[in-house]
Number of protein chains: 2
Amino acid sequence: MESKFSEEARQFKALSDETRLAIVDMLRSGELCACKILENFQITQPTLSYHMKILTDCGLVCGRRDGAWVHYSLNGENLKALGDLLAGFSR
Amino acid sequence: MESKFSEEARQFKALSDETRLAIVDMLRSGELCACKILENFQITQPTLSYHMKILTDCGLVCGRRDGAWVHYSLNGENLKALGDLLAGFSR
DNA sequence: CTACGGCATAGAGATTTGTCAATATGAAAA
DNA sequence: TTTTCATATTGACAAATCTCTATGCCGTAG
């Protein structure tokens, strides 16, 4: 069932969870390490790791490993592409 | 846990299914009745009805009943609002 | 009134998702 | 080396999702 919007559906799915949407919103202010993100939510560390994997796998967030830490940031290019698709629906 | 992005997450979830995303794409050309939409997919009528309910409940699509028919169209205002949120993530 | 056509709802079942506790990995500190 | 710290993975589970068949509802056409 290779659909026309397979990749975009996967990205929208990544944004369809309130926790992940709040994480993306946090990252607007710039790069953050996982432990800093975790402080803002009532979830366990493995649950955060699960969410970050979904966000990075679909290309909306980048992860940069620095020793034991991983710093996450928004992938502006892919976020813009998805925004453009959405903008095309309201014109 | 009334989140900040509760409504937006619900709208992104509506767009996170390939079939629903293709339906929204179809509606770019203008209003369509359910039976016309159904012709383009390998799903049953109840399944389409299920998807249309999700799209209308979250406010991204409008349904206009005309006798036995229901004509669906995009809700440009809400689609634009969601697009603006996404645009805010890539700036 | 009866029959039909378009759409919605109910119920069931298989799959996916989100969460946790427990554990593993891997780098840095002692 | 041993310990500690940050993150990832595994396995389990409940809840949500998507799909179907069967059926109900309601306009409209005979």
Side-chain angles (χ1 to χ4, degrees), chain A residues 1-27 31-73, chain B residues 1-27 31-73:
Chain A
M1 171 100 63
E2 266 307 311
S3 166
K4 182 179 176 184
F5 296 111
S6 168
E7 191 62 25
E8 290 84 355
R10 189 147 154 269
Q11 294 176 328
F12 281 130
K13 184 166 297 185
L15 298 175
S16 74
D17 179 271
E18 294 186 24
T19 299
R20 289 193 295 264
L21 206 44
I23 290 170
V24 169
D25 186 52
M26 281 183 63
L27 291 175
E31 202 178 58
L32 287 174
C33 83
C35 55
K36 279 296 171 188
I37 298 174
L38 185 58
E39 290 175 2
N40 291 265
F41 299 96
Q42 305 293 348
I43 57 176
T44 62
Q45 177 270 322
T47 296
L48 177 67
S49 189
Y50 163 80
H51 286 308
M52 297 317 295
K53 179 166 173 50
I54 289 176
L55 286 170
T56 54
D57 281 357
C58 76
L60 295 182
V61 165
C62 302
R64 180 179 63 85
R65 181 168 281 275
D66 174 31
W69 283 261
V70 176
H71 300 272
Y72 292 101
S73 58
Chain B
M1 170 95 65
E2 266 307 308
S3 167
K4 182 179 176 184
F5 295 111
S6 167
E7 191 62 26
E8 291 83 356
R10 191 147 153 269
Q11 294 176 329
F12 281 130
K13 184 165 297 184
L15 297 176
S16 75
D17 179 90
E18 294 187 24
T19 299
R20 290 194 294 265
L21 206 45
I23 290 170
V24 169
D25 186 53
M26 280 184 63
L27 291 175
E31 201 178 58
L32 288 174
C33 83
C35 56
K36 280 297 172 187
I37 298 173
L38 185 58
E39 290 175 2
N40 291 265
F41 299 95
Q42 305 294 349
I43 58 176
T44 62
Q45 176 271 320
T47 297
L48 177 66
S49 189
Y50 163 80
H51 286 309
M52 297 318 297
K53 180 167 172 49
I54 289 176
L55 285 171
T56 55
D57 281 357
C58 76
L60 295 182
V61 166
C62 301
R64 178 178 64 84
R65 180 169 280 275
D66 174 29
W69 281 263
V70 177
H71 300 272
Y72 292 102
S73 59

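We name chains A, B, ... by the order of the sequence lines, and we start the count at 1 in each one.
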Acceptor/donor pairs from residues 65-72 of chain B side chains to any protein atom, 3.5 angstrom cut, sequence neighbours excluded:
| unit_1 | atom_1 | unit_2 | atom_2 | d |
| --- | --- | --- | --- | --- |
| B:Arg65 | NH1 | B:Gly67 | O | 3.2 |

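Rounded to whole Å, the distance from CD1 on B:Ile54 to C1' on C:dA8 is 14 Å. Protein atom CG of B:Leu55 is 14 Å distant from nucleotide atom C1' of D:dT17, rounded to whole Å. The nearest whole Å value for the distance from the CZ atom in A:Arg64 to the C1' atom in D:dT7 is 15 Å. Rounded to a whole Å, the OH atom of B:Tyr50 is 4 Å from the P atom of D:dC18. In this entry the distance linking CG of A:Leu48 with P of D:dA6 reads 13 Å, nearest Å. Taking atom CE of B:Met52 as the reference point, atom C1' of D:dT19 lies 17 Å away to the nearest angstrom. In this entry the distance linking CG of B:Leu32 with P of C:dG6 reads 16 Å, nearest Å. Summarising the geometry, the separation between CD on A:Glu18 and P on D:dA16 is reported as 13 Å, rounded to the nearest angstrom.
Of the residues in residues 34-44 of chain B, those lying under 4.0 Å from DNA chain C by heavy-atom distance are B:Ala34, B:Cys35.
Looking only at side-chain heavy atoms (C-beta outward), B:Phe41 and B:His51 stay at 4.5 Å or farther from each other. The shortest distance between side-chain heavy atoms of B:Arg20 and A:Phe12 does not fall below 4.5 Å. Using a 4.5 Å heavy-atom threshold, the side chains of B:Leu32 and B:Ile23 count as separate.
Counting atom types as modelled, A:Gln45 pairs no side-chain N or O with a base atom of D:dA6 as donor and acceptor under 3.5 Å.
The shortest non-hydrogen separation linking A:Glu18 to B:Ala9 is CG-CB, 3.7 Å. Summarising the geometry of A:Thr19 relative to A:Asp17, their closest heavy-atom pair is N-OD1, 2.9 Å, with the distance given to 0.1 Å.
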Inset, instruction - Check step by step if side chain to side chain contact (heavy atoms under 4.5 Å, CB included) holds for A:Ile37 and A:Leu27. - result: CA-CA 9 Å; A:Ile37 298 174; A:Leu27 291 175; 4.3 Å; yes
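A close approach under 4.0 Å does occur between a side-chain nitrogen or oxygen of B:Ser49 and OP1 or OP2 of C:dA8. Put simply, A:His51 has a side-chain N or O that comes within less than 4.0 Å of OP1 or OP2 on C:dT19. Side-chain nitrogen and oxygen atoms of A:Lys13 include at least one within less than 4.0 Å of the OP1 or OP2 phosphate oxygen of C:dT17.
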Polar pairs (N or O, both sides) under 3.5 Å between protein and nucleotides 24-30 of chain D?
none

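Closest approach to the B:Cys33 side chain among C:dC7, C:dG18, D:dT9 is made by C:dC7 (side chain taken as heavy atoms from C-beta onward).
We find the CD1-NZ distance between A:Ile54 and A:Lys13 to be 9.5 Å, quoted to the nearest 0.5 Å.
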